[in-house]
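Here is the structure we will look at, set down as structure tokens.
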There are 2 protein chains.
Amino acid sequence: MTETRDRIVDAAVDLFRVHGYTGTAMKQVVAAADAPFGSVYHHFRGGKQELAAAAIERAGVVYRDLVLGILDAEDDVVTGTRAVFDAAAAVLDATDYADVCPVATVALEVASTSEPLRAACDTVFADWIDTLAGRLEHGGGPPAAARSAAIAFISLLEGGFLLCRTARTPEAMRANGDVAVAVVAGAVDR
Amino acid sequence: MTETRDRIVDAAVDLFRVHGYTGTAMKQVVAAADAPFGSVYHHFRGGKQELAAAAIERAGVVYRDLVLGILDAEDDVVTGTRAVFDAAAAVLDATDYADVCPVATVALEVASTSEPLRAACDTVFADWIDTLAGRLEHGGGPPAAARSAAIAFISLLEGGFLLCRTARTPEAMRANGDVAVAVVAGAVDR
DNA sequence: GTCTATACTTTGATAGAC
DNA sequence: GTCTATCAAAGTATAGAC
């Protein structure tokens, strides 16, 4: 049996992904987590903000490991990049364009409103960029090029989520996959 | 004197940009527009959704013309692309990372919640992609390559807004500008 | 026709019953 | 210690006074 606290965080991640931060009510979270209403304030004294910070942190780890799992399963980072964008397009199609990155949605909502949540999102993105840059360096690229390529990789992935989700079409993720592959190849081949 | 309706829409655009759709209250909008509360429902019988649809449409036109103005001021689309990303980085820095694209924030919030608003955001993005692809074709590129490059252009710009706003650093917009320039150059040079 | 005052719902959060 | 019942505040929307 999963811990109540974990169920609440997981439910928050799912709901933030679809409705965003302000669009998600605490009552929805506890209902989805099948937990009594009071328990959320027992586990998160800081209320909604503290819960959101935990959800962002958790989503950051889950999505990073998801991408790394696909990336590392391939022989090199270039074909790995292709696989990541293909998988993203497949997931979008399979989930009716609902299952996207919750961090981006929350980040845009709270960046100018809540400093602790902005910082939590920043930590996640910085971790993603650092981890990805490390893989590209390991693939043979110089540090500066690897970092820039990692930033473009994340931007193309998030931009693809945005456009695909809005258009309900996988086209943008395919187009961005081509560009990401070229960027990664350029950062590695020297 | 500007029309009351226009002032309300402009105020909504500004507030959506900073607080998002669900994070913006109707009372904030009418206060910012310096209009009496009832007038918003006089002009927008459909309530908040109808106001948001008008705000998205308006933001789409304003931002498109802003980007085109910078792009067309340069001799070719490649140097124009450089200018657009440089300008975006400068605006972010000048506005303390608050002044970003309102369409992306709202799109991620409502894509799975409100079909009319999702459609409004889709119309805006499709218009941006079509217009940009037209400029790239005019620059000498084949249609399919121009369209893919336009999609990557928008993704890199929106991804840059996301990462820069969260990190409060212009780094991502600089890195993405380099990639966008390379993508546009590749789509035009044949 | 314009706008003020209000109705009703939902929100985040808590106090006190078990 | 866990959870139910409730609170005050804020949300959208409207009805009716000018």
Side-chain angles (χ1 to χ4, degrees), chain A residues 1-56 102 105-106 108-110 112-118 120, chain B residues 1-56 102 105-106 108-110 112-118 120:
Chain A
M1 182 59 179
T2 25
E3 290 286 340
T4 303
R5 198 195 128 102
D6 288 341
R7 286 210 319 279
I8 292 174
V9 173
D10 287 343
V13 170
D14 286 346
L15 287 166
F16 287 168
R17 197 163 51 187
V18 179
H19 301 103
Y21 175 70
T22 43
T24 299
M26 295 291 259
K27 298 189 180 183
Q28 294 177 34
V29 175
V30 294
D34 201 23
F37 187 75
S39 68
V40 70
Y41 285 93
H42 170 71
H43 291 291
F44 304 94
R45 180 76 81 75
K48 196 179 186 182
Q49 277 210 8
E50 192 182 322
L51 167 60
I56 290 164
T105 308
V106 175
L108 286 176
E109 279 185 276
V110 303
S112 304
T113 308
S114 163
E115 178 55 23
L117 291 186
R118 197 228 87 215
Chain B
M1 181 60 178
T2 25
E3 289 286 339
T4 303
R5 197 194 129 102
D6 289 341
R7 285 210 320 278
I8 292 174
V9 173
D10 287 343
V13 170
D14 285 346
L15 287 166
F16 287 167
R17 196 163 52 188
V18 179
H19 301 102
Y21 175 70
T22 45
T24 299
M26 294 292 257
K27 297 187 181 183
Q28 294 177 34
V29 175
V30 294
D34 200 25
F37 188 74
S39 69
V40 70
Y41 284 93
H42 171 70
H43 291 290
F44 304 95
R45 181 75 81 75
K48 196 179 184 182
Q49 277 208 11
E50 192 182 323
L51 168 59
I56 289 164
T105 308
V106 175
L108 287 176
E109 279 185 276
V110 303
S112 304
T113 307
S114 164
E115 179 55 25
L117 291 186
R118 197 227 77 195

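To find a chain, count down the sequence lines: A is the first, B the second, and so on, and within it residues start at 1.
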Map A:Q28 and A:G38 onto DNA chain C by nearest heavy atom, then report which one ends up closer to the 5' terminus.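 Counting from the 5' end, the first nearest nucleotide belongs to A:Q28.
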Heavy atoms from C-beta onward define the side chain here; which of [options] lies closest to that of [X]?
| X | options | answer |
| --- | --- | --- |
| B:P36 | D:dT12, C:dC3, C:dG12 | C:dC3 |
| A:H42 | D:dT2, D:dA5, D:dT14 | D:dT2 |
| A:F37 | D:dG11, C:dT11, D:dT4 | D:dT4 |

Report the distance from atom [atom1] of [X] to atom [atom2] of [N], rounded to the nearest whole Å.
| X | N | atom1 | atom2 | result |
| --- | --- | --- | --- | --- |
| A:E3 | D:dT2 | CD | P | 11 Å |
| B:H43 | D:dT14 | NE2 | P | 16 Å |
| B:R5 | C:dT2 | CZ | P | 14 Å |
| A:F44 | C:dG12 | CZ | P | 15 Å |
| B:R45 | D:dA13 | CZ | C1' | 12 Å |
| B:D34 | C:dC3 | CG | C1' | 13 Å |
| A:K48 | C:dT14 | NZ | P | 15 Å |
| A:L51 | C:dA13 | CG | P | 10 Å |

cation_pi(A:K48, A:Y21) dist<6.0 Å, angle<=45: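 Yes; both conditions hold, so A:K48 lies above the ring face of A:Y21.
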A:L108 CG to B:H19 NE2 distance, which is reported to the nearest 0.5 Å: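 NE2 of B:H19 is found 13.5 Å from CG of A:L108.
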Over all strands shown, is B:T24 touching base, sugar-phosphate only, or nothing at heavy-atom distances under 4.0 angstrom?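 Contact class for B:T24: sugar-phosphate only.
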Would you say A:M26 and A:L51 make side-chain contact, with heavy atoms under 4.5 Å?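 The answer is yes, as the side chains (C-beta and beyond) meet within the 4.5 Å cut-off.
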Less than 4.0 angstrom between a side-chain N/O of B:Y41 and OP1 or OP2 of D:dT14, yes or no?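 Indeed not, no polar side-chain atom of B:Y41 lies that close.
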Scan side-chain atoms only and decide if B:T105 and A:E109 contain a donor-acceptor pair under the 3.5 Å cut-off.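 Per modelled atom types, B:T105 and A:E109 side chains form no pair under 3.5 Å.
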Side-chain donor/acceptor of B:S114 to backbone N/O of B:L117, under 3.5 Å: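 Present.
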